[in-house]
Amino acid sequence: MALFLLVVLVAVVLGIVGVAADGLGYLLAIGITLFAVDVIFYAVLLSRGVGRRPVR
């Protein structure tokens, strides 16, 4: 979970820097892509039930 939050934070920072600085639109694109990949990866982990213990 900590890794997920770290990657989301990095994506948001890249997006802010990409918007604020002229000519750094590629940082915005990288941030959006990174965020989308991270959300998809987290959704796959939740759907597969990784980390859950079997019910006894």
Side-chain angles (χ1 to χ4, degrees):
M1 187 63 164
L3 180 63
F4 172 75
L5 293 175
L6 178 69
V7 174
V8 167
L9 182 65
V10 169
V12 169
V13 169
L14 284 175
I16 291 170
V17 170
V19 168
D22 288 336
L24 295 180
Y26 66 92
L27 287 180
L28 177 62
I30 291 171
I32 292 170
T33 304
L34 184 62
F35 182 74
V37 169
D38 193 38
V39 168
I40 291 169
F41 180 72
Y42 190 67
V44 168
L45 283 180
L46 284 179
S47 69
R48 295 177 76 198
V50 173
R52 294 184 186 171
R53 293 183 183 182
V55 177
R56 294 184 182 212

> Do I16 and V12 touch side chain to side chain, with heavy atoms closer than 4.5 Å?
Replying inline: yes
> In the single-linkage hydrophobic clustering (I, L, V, M, F, W, Y; side-chain heavy atoms under 4.5 Å), do L46 and V37 co-cluster?
Replying inline: no
>> Nearest 0.5 angstrom please: D38 CG to L5 CG, how far?
In response: 8.5 Å
>> Using the side-chain contact (heavy atoms from CB on, under 4.5 Å) criterion, which residues pair with I30? Sequence neighbours excluded.
In response: L14, Y26
>> So, using side-chain contact (heavy atoms from CB on, under 4.5 Å) as the criterion, who are the partners of V17 when residues are at least two apart?
In response: V13, L24, L27
